[in-house]
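Note on naming: letters A, B, ... go to the chains in the order of the sequence lines (proteins, then strands), and numbering restarts at 1 for each one. No hydrogens, no waters, no symmetry mates; every other heavy atom, side chains included, goes into these values. Given the structure is predicted, the values throughout are model-derived calculations rather than measurements.
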Number of protein chains: 2
Amino acid sequence: MLTRIEFEALKKMKIMFGSVNFGFINTIKLAEMLATSQQSASRILISLSNEGYITRKTESRKQRIVITEKGIEILRQELNELTSALNPVENIDVQGQVQSGLGEGRYYVSRKYYIVQFQEKLHFLPYLGTLNLRISDSDAEKIALLNNRSGIEIHGFKTEDRTFGGAKAFRCKVNNVDCAVLMPERSVHRDVLELISPYYLREKLSLKDGDEVKVQIYLKERN
Amino acid sequence: MLTRIEFEALKKMKIMFGSVNFGFINTIKLAEMLATSQQSASRILISLSNEGYITRKTESRKQRIVITEKGIEILRQELNELTSALNPVENIDVQGQVQSGLGEGRYYVSRKYYIVQFQEKLHFLPYLGTLNLRISDSDAEKIALLNNRSGIEIHGFKTEDRTFGGAKAFRCKVNNVDCAVLMPERSVHRDVLELISPYYLREKLSLKDGDEVKVQIYLKERN
DNA sequence: ATTACTATACCTCGAGTAA
DNA sequence: TTTACTCGAGGTATAGTAA
């Protein structure tokens with residue numbers, strides 16, 4: 001992983017070079033820009049080059065630096081993260097395809113300790129089963145946003161036999177019906193959303209496997 | 001200065017909390033989010049708090065974290081830098097007020113070694129004097145952008161008596177007349193722009209001290 | 001349970017310097 | 001000139017652990 005000063009160097013060079021992604025610099029000048037030593041500037045250019053963020057060609061008095069695609073990409077990624085941090089979205093819309101679960105959802109959702117929490121925190125008593133929606137690849141990164149969000153906390157618990165893990169929930173609507181997305185606490189990358197609702201959604205919305213539905217997920221606990 | 005991981009922690013918490021700038025977290029969860037140890041997460045929260053980026057209140061199982069104005073500010077600052085890095089501006093517009101120089105500009109601009117370079121690199125033979133423009137406070141940060149830009153390099157030189165420092169130039173227009181901004185190589189914060197031009201600008205544009213002019217500065221060497 | 005101190009291992013920085 | 005190596009000083013991270 002890039003250290004802070006390496007990232008700074010990459011950013012400052014990109015700013016300096018402008019829209020053409022190359023330019024000339026020497027270690028003394030870079031050291032000045034970063035308020036560090038010439039030796040460190042040298043090391044930074046070597047690291048950035050080794051890691052493939054820049055390529056360079058040493059000349060007599062300065063070096064020609066090209067910022068690679070990978071270098072631009074990491075800057076852009078940081079920009080995106082900061083944008084989502086400072087201009088937070090309130091809800092996300094995804095498209096999902098109804099699919100059959102393995103009956104596991106029904107088992108978990110039926111545990112008393114969970115049910116009490118659903119009632120308390122989601123303000124409804126759920127139908128004892130889940131609706132599973134497969135999310136398209138194009139919407140997968142929207143779902144990934146949920147990994148960084150805390151959501152409504154559902155605590156785990158232990159019985160004599162086994163441990164039931166914690167989860168987090170987000171309020172959502174499917175075809176205008178109130179429900180909630182349930183995700184395991186430890187975020188695993190998944191392309192399936194599990195929904196709970198006061199209603200048996202398959203019946204209420206006349207859904208069968210393969211049907212497409214629109215889901216609007218609310219990131220805030222209440223509006 | 002914030003270390004990379006401290007900055008990451010601040011950003012991740014901001015993303016997690018959304019538009020309300022507070023939320024709950026514990027050191028174990030934060031450690032997970034940052035792929036580091038619980039001890040480091042603890043230290044990070046202590047540092048961020050000591051430096052005034054967050055305030056916190058420890059509860060039984062988690063802490064209530066509030067991201068302060070200073071914390072938001074440093075995130076926003078980074079966002080701005082990255083935006084300008086990845087969406088580079090081609091030119092900047094500032095307003096300046098004509099003022100009298102000390103005659104120094106005339107002395108420097110008249111040095112042969114400089115004149116040859118102006119001719120070669122700016123493609124004009126300058127009038128032997130500079131037009132000094134005082135930049136308003138509100139435009140000062142636009143000018144600060146130039147510090148990070150390389151511009152057109154004007155080399156320094158030595159005579160028997162003394163050393164003449166290097167400079168950088170940016171093409172610009174004042175009231176539609178071609179000219180160039182000249183800045184010392186070592187960027188010093190200044191609120192005065194020195195312009196050179198093929199013409200005696202005061203005469204050509206009928207300017208007197210105190211007159212306001214608009215300057216458009218081009219950041220790229222040519223369009 | 002979670003937090004954070006201590007101690008040690010590890011890493012990063014820059015002065016000196018060779019090429 | 002500028003670049004980058006070595007090495008010692010200082011700073012940072014984590015395991016162990018007390019509160």
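- A cation-pi arrangement, defined by a distance under 6.0 Å to the six-membered ring centre and an angle within 45 degrees of its axis, is present between A/Arg64 and A/Phe22.
- Residue A/Asn26 contributes atom CG, which lies 11 Å from atom P of D/dA4 at whole-angstrom precision.
- Side-chain atoms of A/Arg4 come within 3.5 Å of backbone atoms of B/Leu2 as a donor-acceptor pair (strictly under, hydrogens ignored).
- Of the candidates C/dA4, C/dT17, D/dA13, the closest approach to any side-chain atom of B/Thr36 belongs to D/dA13.
- Checking side-chain atoms of B/Thr68 against main-chain N and O of B/Tyr53 turns up a donor-acceptor pair under 3.5 Å.
- In this structure, the CG atom of A/Leu30 is 13 Å from the P atom of C/dC13, given to the nearest Å.
- OP1 or OP2 of D/dT14 sits under 4.0 Å from a side-chain N or O of B/Ser40.
- In this structure, CD of A/Glu6 is placed 8 Å from P of C/dC13, rounded to the nearest angstrom.
- Between the side chain of A/Gln119 and the main chain of A/Val116, no donor-acceptor pair closer than 3.5 Å is present.
- Map B/Gln38 and B/Ala41 each onto its nearest nucleotide of DNA chain D; the residue landing nearer the 5' end is B/Ala41.
- Going from atom CD1 of A/Ile25 over to atom C1' of D/dT2 covers 13 Å, rounded to whole Å.
- Following rounding to the nearest Å, A/Ile28 (CD1) and D/dT1 (P) show an atom-to-atom distance of 9 Å.
- As rounded to whole Å, 13 Å separates atom P of C/dT3 from atom CD1 of B/Ile44.
- Spacing between atom CD1 of A/Ile5 and atom C1' of D/dG11 amounts to 14 Å, rounded to whole angstrom units.
- The side chain of B/Thr27 contributes an N or O atom lying less than 4.0 Å from OP1 or OP2 of C/dT3.
- Among the nucleotides C/dC5, D/dT3, D/dA13, the one closest to the side chain of B/Ile46 is C/dC5.
- Nucleotide C/dT2 holds its C1' atom 17 Å from the CZ atom of B/Arg43, rounded to whole Å.
- Ranked by how close their nearest DNA chain C nucleotide is to the 5' end, A/Thr3 and A/Gln39 are led by A/Thr3.
- Distances shown here put every side-chain N or O of A/Gln63 at or beyond 4.0 Å from the OP1 or OP2 atom of D/dT2.
- For B/Arg4 and C/dT12, the shortest distance from a side-chain N or O to OP1 or OP2 is not below 4.0 Å.
- Taking the six-membered ring where tryptophan is involved, the planes of B/Tyr108 and B/Phe164 are perpendicular, since the angle between them exceeds 60° and thus also 30°.
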